[in-house]
2 protein chains.
Amino acid sequence: MNFIFLDRPRPLSLTCIMGNRRKHSTACPRKVSEKKEQLKAFLKQKGFKSTRQRDIIVTEFLKTGEHITAEDLYRKINRKNREIGFTTVYRTLKLLTKSGFATERLFADNLTRYEPLSAEEHHDHLICLSCGSIMEFENLKMERLQEKIAEEFGFCIITHKMEFYGYCRECRDNAPA
Amino acid sequence: MNFIFLDRPRPLSLTCIMGNRRKHSTACPRKVSEKKEQLKAFLKQKGFKSTRQRDIIVTEFLKTGEHITAEDLYRKINRKNREIGFTTVYRTLKLLTKSGFATERLFADNLTRYEPLSAEEHHDHLICLSCGSIMEFENLKMERLQEKIAEEFGFCIITHKMEFYGYCRECRDNAPA
DNA sequence: TCCTAATTGAAAATGAATTTCATTTTCCTT
DNA sequence: AAGGAAAATGAAATTCATTTTCAATTAGGA
């Protein structure tokens, strides 16, 4: 790996703007508890158990918002809850992913990041090579074009990944020649 | 990782078709030796050395065409040249990447693949979750749209990654419901 | 309360990528 | 042609994120 931003401390700043409209980055408290209810129902239905750890992890994860690694989420939680282990954080994120509450993304820095999934929305990413910030966007034209291309190939898209690596407005001037 | 195709033997079939025009998949012998000359010149200029191993690895790499992992290339070479080690294959691919003769791509299966780089072309990928085949495409409209989106954000794109995961024409019928 | 299956978490395992280091090779200089 | 310095090689070791193991603990239905 030789992306520039890998050699710097990884900031977690996350701007969330859509192609045309703006989008909420951090879920509001109402939504958080709503999601937690959904998850609880899901667990019960599957015969899984609700535990204190899961509750804490899920809460923190939903609060955090987006694009967090298992490691970072663990560290965040560990500050206040020394007894929750990395493995449990990791497994909870996997559980959330499998049950449709989160998605897993492998970025070019070879770190897997998780983000809460809000059903309908699928977005793409702009990743700044200087400050490491990850911005999201969603563009209808893009989605349509993708469908069209796939059709041309007789290809049936299940999911896609689209990432731009470059320099954000704030960092453009620092960009190497 | 839980992509379906990871649990199957990874075939190396590579179809190479562009948005509108078709593209050569395996480089023709003329081009291979031309590239090898370029590389030799590059090495000399940098004070690096030309070695038997590098020659063999580069030849095999260029012949192979695209999207190969260091591991797979090593195995391919190792059949005929038992004395060439994995490390050297790995390092040569890195060298090719650094000197602009190849690119490195991390796909969603968490394996780094290398492919020869022919200057101008930048293409995107369609990856079949069933048979594992990787198809390439290039679409001008897409490139333009990307630029437009980036501009909206004041973002300066250095590189991008775009991958569709789904089922190819041949595998559509096997796709899970 | 009891019991069983699920969960937890520390530690170990995995696996790809990368580095180390002693040895060998290239190729420039004499 | 030698000689020598710098680069290259390759086996083995290391790294680092991710995943699994396993013994101990906990949840929650009977």
Side-chain angles (χ1 to χ4, degrees), chain A residues 1-3 6-7 10 39-58 60 67-75 77-78 81-99 102-114, chain B residues 1-3 6-7 10 39-58 60 67-75 77-78 81-99 102-114:
Chain A
M1 283 303 103
N2 41 16
F3 281 92
L6 296 183
D7 300 318
R10 228 163 348 98
L39 179 65
K40 220 166 197 171
F42 172 84
L43 292 177
K44 190 157 191 174
Q45 193 241 314
K46 289 281 183 184
F48 296 142
K49 289 167 183 174
S50 298
T51 64
R52 198 180 56 81
Q53 289 96 325
R54 276 183 184 164
D55 191 70
I56 291 168
I57 295 165
V58 170
E60 201 60 41
H67 306 108
I68 198 163
T69 61
E71 182 65 33
D72 284 343
L73 184 57
Y74 165 68
R75 269 205 281 268
I77 289 166
N78 189 251
N81 302 77
R82 315 309 298 272
E83 79 288 4
I84 292 180
F86 169 78
T87 312
T88 305
V89 173
Y90 165 78
R91 275 192 287 227
T92 302
L93 287 173
K94 280 291 189 192
L95 177 68
L96 288 171
T97 301
K98 272 192 236 158
S99 46
T103 43
E104 224 178 35
R105 274 172 201 284
L106 179 62
F107 286 102
D109 61 357
N110 198 18
L111 252 45
T112 303
R113 274 164 244 251
Y114 296 83
Chain B
M1 283 303 105
N2 41 17
F3 281 93
L6 296 183
D7 300 318
R10 232 168 342 101
L39 180 65
K40 222 168 197 170
F42 172 84
L43 292 177
K44 191 156 191 174
Q45 194 242 313
K46 289 280 183 185
F48 296 144
K49 290 167 184 173
S50 297
T51 64
R52 197 179 58 82
Q53 289 96 326
R54 276 183 183 163
D55 191 71
I56 290 168
I57 295 166
V58 169
E60 201 60 41
H67 308 106
I68 199 163
T69 60
E71 182 65 32
D72 283 343
L73 184 57
Y74 163 69
R75 270 205 281 269
I77 289 167
N78 188 252
N81 302 76
R82 313 310 297 272
E83 78 288 3
I84 292 180
F86 169 79
T87 312
T88 306
V89 173
Y90 165 77
R91 276 193 284 226
T92 302
L93 287 172
K94 279 290 189 195
L95 177 68
L96 288 171
T97 301
K98 273 192 233 156
S99 46
T103 43
E104 224 178 35
R105 273 171 201 284
L106 179 61
F107 285 104
D109 61 357
N110 198 19
L111 251 44
T112 304
R113 273 165 245 250
Y114 296 83

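In the text below, chain A, chain B and the rest are named by the order of the sequence lines, each starting its count at 1. All values below come from the heavy atoms of this structure, side chains included, with hydrogens, waters and symmetry mates left out. No experiment lies behind these values; they were computed from the predicted model shown.
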Original post:
Excluding sequence neighbours, so at least two apart, what forms ring-ring contact (aromatic ring centres under 6.0 Å, His included) with A:Tyr90?
Top reply: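 ring-ring contact (aromatic ring centres under 6.0 Å, His included) check on A:Tyr90 returns nothing, list empty.
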Subject >> Interface with DNA chain C, restricted to residues 82-90 of chain B and to heavy atoms under 4.0 Å >> reply: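 Per residue number, the list reads B:Phe86, B:Thr87, B:Tyr90.
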Subject >> Non-neighbouring partners of B:Gln45 that pass side-chain hydrogen bond (donor to acceptor under 3.5 Å, both in side chains), sequence neighbours left out >> reply: none
Original post:
Would B:Asp72 and B:Arg75 count as a salt bridge (charged side-chain N to carboxylate O under 4.0 Å, His left out) if you check the C-alpha gap in whole Å, the side-chain angles of each, and the deciding distance to 0.1 Å?
Top reply: CA-CA 5 Å; B:Asp72 283 343; B:Arg75 270 205 281 269; 3.2 Å; yes
Subject >> side-chain contact (heavy atoms from CB on, under 4.5 Å) between B:Glu60 and B:Leu73, intermediate numbers included >> reply: CA-CA 8 Å; B:Glu60 201 60 41; B:Leu73 184 57; 4.1 Å; yes
Subject >> 5'-most by nearest nucleotide on DNA chain C - B:Ala70 or B:Lys44 >> reply: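 Result of the comparison: B:Ala70.
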Subject >> Comparing B:Ser50 and B:Tyr114 on DNA chain C - which has the more 5′ nearest nucleotide >> reply: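 Taking each residue's closest nucleotide, the earlier one in sequence belongs to B:Tyr114.
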Subject >> Reported CD1-to-OG1 distance for the pair B:Ile84 and B:Thr51, which is rounded to 0.5 angstrom >> reply: 8.0 Å
Subject >> Stepwise side-chain contact (heavy atoms from CB on, under 4.5 Å) test for B:Leu111 and B:Glu71 >> reply: CA-CA 10 Å; B:Leu111 251 44; B:Glu71 182 65 32; over 6 Å; no
Expressed as a whole number of angstroms, how long is the span from [X]:[atom1] to [N]:[atom2]?
X        : N      : atom1 : atom2 : value
A:Leu106 : D:dA17 : CG    : P     : 13 Å
B:Leu111 : C:dA16 : CG    : P     : 6 Å
B:Asp109 : D:dT18 : CG    : P     : 15 Å
B:Glu71  : C:dT14 : CD    : C1'   : 14 Å
B:Ile57  : D:dA8  : CD1   : C1'   : 11 Å
B:Asn110 : C:dT18 : CG    : P     : 11 Å
A:Leu93  : C:dG9  : CG    : P     : 14 Å
B:Leu95  : C:dA17 : CG    : P     : 18 Å

Original post:
When the nearest nucleotide of DNA chain D is assigned to B:Tyr74 and to B:Leu43 on a heavy-atom basis, which residue is associated with the more 5' position?
Top reply: B:Leu43
**OP:** Identify, between B:Phe48 and A:Arg52, the residue whose nearest nucleotide on DNA chain D lies closer to the 5' end.
**Re:**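 Here B:Phe48 is the residue nearer the 5' end.
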So, is [X] close to the [N] phosphate, meaning a side-chain N or O under 4.0 Å from OP1 or OP2?
X       : N      : value
A:Lys94 : D:dT19 : yes
A:Arg54 : C:dT7  : yes
A:Thr51 : C:dT7  : no
A:Gln53 : C:dT7  : no

Subject >> A:Phe86 and A:Tyr74 aromatic ring geometry - parallel, tilted or perpendicular at 30°/60° bounds >> reply: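 Perpendicular: the ring planes of A:Tyr74 and A:Phe86 meet at over 60°.
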